[in-house]
Amino acid sequence: MNAYLTINTVPELACLLLAVVFLGRDKDPFWRMLILYLFLTCMVELAGIYIHKVLQRSNMPLYTVFVLFECFAVSSFFFALLRPYGLKRRWLAAWLAVFILTYFAELLAGHFHHFVSVTTSLMSVAFVLAALCYYYLLLNADKFERLTLHAAFWWTNGSFIFYFGGTVCNLFFDILIAHPASVYTHSIRYIIFGVSDVILYTCWSLSFLCRYLQRRSTPSSA
Amino acid sequence: MQISSKEIYSIIGLSSLVFLIAPIFVILYVLSYNKKKRKNEKEKLLMRQTFENEILHTRIEVQEQTLKTVSYDLHDNIGQFLSLIPLTISSIDQSKVGAYAEKINTIDDIARRAINEIKLLARLLHGEDLLEKGLVPAIEAELAWLNRAAKYEVSFENESYGAKEPDLARDTFLFRSFQEGINNIIQHAKATRIEIELRQEDAKMTLMISDNGIGFPVAETSAKRSGMGIGNILRRAKMIDGQATISSAPGTGTQIKITIPK
């Protein structure tokens with residue numbers, strides 16, 4: 001049982017629990033979608049541990065498929081955040097088309113044996129740009145927002161740190177795979193993504209709490 | 001040159017650390033910019049309020065000055081001309097007027113009444129002069145003027161007001177607001193009863209003007225240009241850190257409550 005409670009799974013499970021509590025009755029489908037996404041993330045994470053520890057097999061294919069869901073969920077949510085500032089649906093469609101093309105091109109190039117690290121890097125860069133774009137539009141907007149209690153701001157913060165922080169790992173993915181963890185107890189990827197995960201899910205949990213408080217104070221808007 | 005695994009891990013680890021810390025600074029910058037944005041917004045709002053107050057203040061000063069000029073003109077100019085009528089009449093030789101004596105006496109009487117009216121009106125217009133004796137006598141003078149029409153049943157409650165140190169600026173604000181309220185009743189309310197209450201409490205004084213007229217939708221009227229009288233009352237109160245509330249609805253009469261700090 002302890003094998004399933006890692007630095008990745010504990011924050012994910014806690015965040016899922018908070019998402020169910022705080023977003024369960026939210027009227028916005030994009031916020032509610034996050035519950036499903038987090039549920040899927042937890043399931044993939046636990047299945048990944050099972051495949052790796054119990055079946056003693058590579059869990060890479062599982063994470064390769066999960067990237068598709070991750071990109072769809074996070075892209076859709078960024079679209080929901082940027083839509084009030086004038087982002088058109090066709091931009092989302094164009095980005096998803098580019099992503100799918102890159103994804104399958106990389107899969108074919110690696111004969112379905114390698115993780116899609118280039119596509120993941122591309123996805124990270126796109127999400128970092130989306131976050132920066134959101135900050136820019138938020139600061140340029142006429143309406144003042146109290147950011148310390150702004151749900152969308154905290155969600156973006158978590159995503160921004162996670163995807164920007166993971167960029168180095170994604171870029172050096174092949175080297176990290178080629179050099180297994182012989183020096184430290186855990187691989188450097190595991191530590192970096194562990195820290196990123198804690199930051200991501202802490203920010204997201206805070207975001208869900210802010211969203212809940214916002215819904216309580218203005219029931220019609222959320 | 002061969003790079004060891006340890007060195008690779010160190011480079012990647014350090015780079016990742018930098019990549020994890022950099023976004024935190026971006027977020028801190030966004031928060032700090034947003035804070036400045038809020039500060040700017042607050043300053044803009046304060047400047048707009050100050051500007052509006054200045055405009056209102058100037059308008060009130062101009063209005064007060066105009067009323068004073070009209071008051072002087074009525075008293076010194078028209079009043080003087082009118083006072084020439086009784087003077088001229090008194091110079092007429094009564095033995096020669098014969099059958100017109102009665103009519104001349106009537107003209108004399110009308111002229112004297114007109115002079116008194118003008119003097120009273122001049123005093124009402126000259127706020128500072130009227131308020132020299134205090135707010136209560138000033139309100140009573142205005143009500144005496146109003147009672148002459150005998151159109152309204154007027155009551156004025158001021159027992160709890162007590163003796164107050166005169167504050168000409170504050171009393172002028174309150175008195176002009178009172179006049180604005182009474183003017184509104186005369187022009188629009190179609191009321192038969194007017195109740196005025198001047199009350200003094202621990203740290204504030206309250207003036208209430210109520211009527212049993214046709215009433216009006218407060219929010220709609222305040223938003224319209226036609227609601228300038230209402231707007232003036234609200235703005236005047238705000239200028240001296242007071243508060244004015246107007247309660248009314250069609251068919252229910254109107255109640256204006258002005259509360260200002262002592």
Novice: Which pair of heavy atoms, one from Val26(B) and one from Leu132(A), lies closest together, and at what distance?
Specialist: CG1-CD2, 4.2 Å

Novice: Do other residues, nucleotides or ligands put more than 12 heavy atoms under 6.0 Å from the NE2 atom of His150(A)?
Specialist: yes

Novice: For Gln243(B), does the CD atom have more than 12 heavy-atom neighbours from other residues, nucleotides or ligands under 6.0 Å away?
Specialist: no

Novice: Would you find more than 12 non-hydrogen atoms of other residues, nucleotides or ligands less than 6.0 Å from Arg57(A) atom CZ?
Specialist: no

Novice: Taking atom CD of Glu153(B) as the centre, report whether more than 12 heavy atoms of other residues, nucleotides or ligands fall under 6.0 Å from it.
Specialist: no

Novice: Which heavy atom of Leu20(B) sits nearest a heavy atom of Gly165(A), and at what distance?
Specialist: CD2-CA, 3.7 Å

Novice: I need the minimum non-hydrogen distance between Ile161(A) and Pro23(B), along with the two atoms involved.
Specialist: CG1-CB, 3.8 Å

Novice: Has Phe69(A) got more than 12 heavy atoms of other residues, nucleotides or ligands less than 6.0 Å from its CZ?
Specialist: no

Novice: Which one wins on heavy-atom pair count under 4.5 Å against chain A: Val18(B), Leu31(B), Ile27(B), Ile21(B)?
Specialist: Ile27(B)

Novice: Nearest 0.5 Å please: distance from the NZ atom of Lys42(B) over to the CZ atom of Phe144(A).
Specialist: 8.0 Å

Novice: To the closest 0.5 Å, what do you measure between CD1 (Ile24(B)) and CZ (Phe160(A))?
Specialist: 10.5 Å

Novice: Tell me, for Tyr136(A) versus chain B, whether the close heavy atoms (under 4.5 Å) come from the side chain, the backbone, both or neither.
Specialist: neither

Novice: Give me the atom names and distance for the closest heavy-atom approach of Phe19(B) to Phe164(A).
Specialist: O-CD2, 3.0 Å

Novice: Can you check whether Glu145(A)'s main-chain N or O pairs, donor with acceptor, with Lys37(B)'s side chain at less than 3.5 Å?
Specialist: no

Novice: Nearest 0.5 Å, please: how far is CD1 in Ile191(A) from CD1 in Ile12(B)?
Specialist: 12.0 Å

Novice: Is there a side-chain contact (heavy atoms from CB on, under 4.5 Å) between Phe153(A) and Val30(B) once you walk through the steps?
Specialist: CA-CA 10 Å; Phe153(A) 176 70; Val30(B) 171; 3.7 Å; yes

Novice: Heavy-atom distances under 4.5 Å only: say whether Val128(A) touches chain B with side chain, backbone, both or neither.
Specialist: neither

Novice: For Phe72(A), I'd like to know if atom CZ has over 12 heavy atoms of other residues, nucleotides or ligands within 6.0 Å.
Specialist: no

Novice: Any chance you could measure Leu138(A), atom CG, to Tyr33(B), atom OH, to the nearest 0.5 Å?
Specialist: 11.0 Å

